[in-house]
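Contents: one structure, followed by commentary.
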Amino acid sequence: MALNKFGFYNKFTAVEGKRDALAEMLLEAATSMEELEDCALYVVSLDDANKDTVYVYEVWSDENAHRASLSLEASQILIQKAKPIIAGVEKINTSSSIGGKGIS
């Protein structure tokens, strides 16, 4: 059980009526993460019960790799683009992934 990748689950609350636009931006971020070896998963999900909520589940080789990804130009552009339609961000949890489908 030595894998222990850094994972976390965030809840994004969009400004009313802007959830789909925010989800599209987060999907753009997911696409840019495909090129990063340190990013094992970047999953965007919609909340069926709350029409302003989007969840993102990420798994990284370690916390420093995630932090470094936030300084990439593509990340910075998307963050600035999304800020006006984000009403709030809440870290739901962090975890240490030890394996499973999609985690090697």
Side-chain angles (χ1 to χ4, degrees):
M1 279 202 232
L3 184 63
N4 287 335
K5 292 191 180 217
F6 173 73
F8 60 97
Y9 198 54
N10 284 328
K11 174 184 176 182
F12 289 83
T13 303
V15 170
E16 188 175 346
K18 297 293 184 181
R19 179 184 75 170
D20 291 347
L22 178 57
E24 285 298 320
M25 289 179 203
L26 291 167
L27 287 170
E28 280 183 53
T31 299
S32 69
M33 296 304 144
E34 289 177 12
E35 299 174 15
L36 299 179
E37 229 176 87
D38 289 325
C39 182
L41 289 175
Y42 191 103
V43 179
V44 179
S45 304
L46 300 177
D47 187 326
D48 293 334
N50 186 326
K51 299 303 179 195
D52 294 324
T53 302
V54 182
Y55 294 97
V56 175
Y57 179 57
E58 300 179 51
V59 176
W60 291 83
S61 59
D62 59 47
E63 192 170 0
N64 290 331
H66 170 257
R67 229 180 273 125
S69 77
L70 295 174
S71 65
L72 297 172
E73 183 179 357
S75 296
Q76 285 298 307
I77 290 169
L78 281 168
I79 289 167
Q80 292 307 313
K81 194 170 143 183
K83 273 186 178 181
I85 63 171
I86 296 175
V89 179
E90 178 185 348
K91 184 175 281 186
I92 302 297
N93 74 355
T94 59
S95 61
S96 295
S97 301
I98 59 168
K101 183 174 178 159
I103 305 292
S104 55

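Scope of the values below: all heavy atoms of this structure, side chains included, with no hydrogens, waters or symmetry mates. Quick caveat: nothing in here was measured; it's all calculated off a predicted structure.
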So the side chain to side chain donor-acceptor pair (under 3.5 Å) pairs with at least one residue in residues 40-58 (sequence neighbours excluded) are Asp47-Tyr55, Asn50-Thr53, Glu58-Trp60
Side-chain heavy atoms under 4.5 angstrom apart, residues restricted to Ile, Leu, Val, Met, Phe, Trp, Tyr: same cluster for Val44 and Leu78?
yes
Residue pairs passing the side chain to side chain donor-acceptor pair (under 3.5 Å) test with at least one member in residues 67-80, sequence neighbours excluded, are Glu63-Arg67, Asn64-Arg67
When clusters are formed by joining ILVMFWY residues with side-chain heavy atoms under 4.5 Å apart, either directly or through shared neighbours, do Ile92 and Phe6 land in the same one?
no
Grouping ILVMFWY residues whenever side-chain heavy atoms fall under 4.5 Å, the cluster of Ile79 otherwise contains Leu70
Compare every heavy atom of Ala14 with every heavy atom of Leu22, then report the nearest pair and how far apart it is.
CD2-CB, 3.9 Å
Hydrophobic clustering (ILVMFWY, side-chain heavy atoms < 4.5 Å, transitive) - are Ile85 and Phe12 grouped together?
yes
Side chain to side chain donor-acceptor pair (under 3.5 Å) involving Asn10 - partner list, sequence neighbours excluded:
none
Candidates Asp20, Leu46, Thr13 - the one meeting side-chain contact (heavy atoms from CB on, under 4.5 Å) with Val54
Leu46
Donor-acceptor list for residues 30-38 side chains, cut-off 3.5 Å, not counting sequence neighbours:
unit_1, atom_1, unit_2, atom_2, d
Thr31, OG1, Leu27, O, 3.1
Ser32, OG, Ala29, O, 2.7
Asp38, OD1, Ser61, OG, 3.0

Please, which pairs that meet side chain to side chain donor-acceptor pair (under 3.5 Å) have at least one residue in residues 82-95, sequence neighbours excluded?
none
Please tell me whether Phe8 and Leu72 are part of a single hydrophobic cluster in this structure, the criterion being side-chain heavy atoms less than 4.5 Å apart.
yes
